[in-house]
Student: 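Input: one structure, supplied below.
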Amino acid sequence: MKGTLKIFEPFESDLRKFDEHFAAIMRSDVKIVDQIAKYIVKHKGKQFRPALLIVSARTVGEALPATYTTAAVVELLHTASLVHDDVLDDSELRRGFRTIHKVWKSKLAILMGDYLLSKSLIAATETGSLEIMNTVATVAKRLIKGAMFELQKARKLDITEEDYFRMIGDKTASLISACCELGALTVNAPPEYRQALKNFGENLGLAFQIKDDLLDYEGNSGILGKPALADLEEKKITLPLLYALRESPEKERKKVVKIIKNGAGRKELQYILQLVKERRGLEKARERADGIKEAAIEALAPLPESPARQSLKALAEFVLTRKN
Ligand code: FPP
Ligand code: MG
């Protein structure tokens with residue numbers, strides 16, 4: 001299946017069912033909505049979140065109709081957040097293709113994001129579960145809160161390590177954790193399994209985002225499908241730089257903040273990259289992500305042994321070794 005992670009291959013027939021469900025949900029009789037929706041479906045990503053939800057449900061039992069519906073809910077919500085995020089970051093490319101707001105302009109992109117968010121909430125009501133609806137709406141709130149906090153920090157450039165973890169908890173770990181918890185909810189899992197999956201997801205999400213931030217320093221644009229060092233250009237200070245600055249004298253710290261504030265050029269970006277490497281920022285961020293990944297794996301302990309649990313464990317390892 002195109003784009004599916006190898007780890008999730010044993011669940012291919014589940015994922016194919018989801019694919020059909022998602023394409024059907026995206027169809028619209030409003031021409032412009034349908035055009036943008038088709039573009040999104042054509043350039044879809046790894047569908048990591050719906051797959052994670054389905055495999056989480058599988059650690060407890062068989063996937064049920066509510067499992068597929070909720071998998072579509074999280075993909076809709078995630079897509080909505082990315083369409084809005086690309087407007088906020090004014091990104092040219094997503095997954096190697098032009099972003100919605102570059103193809104159709106920002107006004108339509110914002111409305112499409114709102115539309116997808118509404119669709120996601122409507123789809124959640126189809127499960128008839130207030131707990132599912134509440135979890136989804138709470139995540140949407142956390143995503144938006146995280147994005148607002150990040151915007152504010154990019155303006156002030158005064159982010160601390162604590163701020164960083166709060167922000168990535170809201171903007172990334174919240175949805176990944178909710179996918180795991182929602183998977184459990186869709187199969188009526190006992191509370192201890194639900195909690196175990198939620199904890200696994202929160203840690204997996206933190207590790208995932210730290211790796212994302214590392215890739216921005218480590219990767220090249222061909223593999224990433226977006227420019228490397230884009231975070232610095234977007235005035236985002238992430239963990240590798242935070243750790244490097246902690247080891248830097250005051251003068252150097254001030255210089256870096258000034259460069260970022262004024263908009264770093266190519267040469268200045270290389271200077272910051274060099275500094276991050278020299279001050280072991282990358283190594284320290286990798287170590288931190290590794291510890292969090294171990295906590296994710298430990299959180300799986302209460303769940304019964306199964307191929308799905310094995311896949312989640314393998315996924316935690318993969319999250320840190322991936323190249324894009
Ligand atoms: C990617 O971050 C973006 C997110 C994880 C979520 C952003 C959330 C919003 C914009 C709030 C809107 C939410 C809804 C529900 C409509 P990134 O910019 O660090 O990663 P990237 O490199 O993939 O762009
Ligand atoms: Mg972005």
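In listed order, ligands and their atoms are each counted from 1.
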Student: Would you kindly specify which portion of Leu116 sits under 4.0 Å from ligand 1, judged on non-hydrogen atoms: side chain, backbone, both or neither?
Tutor: neither
Student: With a 4.0 Å cut-off, would you call Glu252 and Lys255 a salt bridge?
Tutor: no
Student: Using a strict threshold of under 4.0 Å (side-chain N to carboxylate O), is an ion pair present between Asp14 and Arg58?
Tutor: yes
Student: State the atoms of ligand 1, each with its element, that fall below the 4.0 Å cut-off from a heavy-atom position in Leu77.
Tutor: 15 (C)
Student: Less than 4.0 Å between a side-chain N and a carboxylate O, is that true for Arg322 and Asp212?
Tutor: yes
Student: Check this for me - ligand 1, Asp89, N or O atoms closer than 3.5 angstrom, yes or no?
Tutor: yes
Student: Just which atoms of ligand 1 are under 4.0 Å from any heavy atom in Leu88?
Tutor: 10 (C)
Student: Rounded to the nearest 0.5 Å, what separates atom CD in Gln47 from atom CZ in Phe8?
Tutor: 11.5 Å
Student: What do you reckon, are the aromatic ring centroids of Phe97 and Tyr39 less than 6.0 Å apart?
Tutor: no
Student: From atom 1 (C) of ligand 1, work out which of Asp212, Leu143, Asp85, Thr99 has a heavy atom at the shortest distance.
Tutor: Asp85
Student: Ion pair present between Glu75 and Lys44, side-chain N to carboxylate O less than 4.0 angstrom?
Tutor: no
Student: Please confirm if an N, O or S atom belonging to Glu234, backbone or side chain, lies less than 2.8 Å from the Mg ion (ligand 2).
Tutor: no
Student: Quick one: which of Lys171, Gln209, Glu234 has a heavy atom closest to atom 17 (P) of ligand 1?
Tutor: Lys171
Student: Taking atom 11 (C) of ligand 1 as the point of reference, which of Ala147, Gly146, Ser120, Gly205 owns the nearest heavy atom?
Tutor: Ala147
Student: What is the name of the N/O/S atom in Asp89 that sits closest to the Mg ion (ligand 2)?
Tutor: OD2
Student: Do you see a donor-acceptor pair shorter than 3.5 Å between the side chains of Asp231 and Tyr217?
Tutor: no
Student: Of all the N, O or S atoms in Asp85, which one sits nearest to the Mg ion (ligand 2)?
Tutor: OD2
Student: Out of all atoms in ligand 1, which are within 4.0 Å of some heavy atom of Lys236? Include the element for each.
Tutor: 17 (P), 18 (O), 19 (O)
Student: Just which atoms of ligand 1 are under 4.0 Å from any heavy atom in Arg94?
Tutor: 21 (P), 23 (O), 24 (O)
Student: Salt bridge or not for Glu202 and Lys198, using N-O below 4.0 Å?
Tutor: no
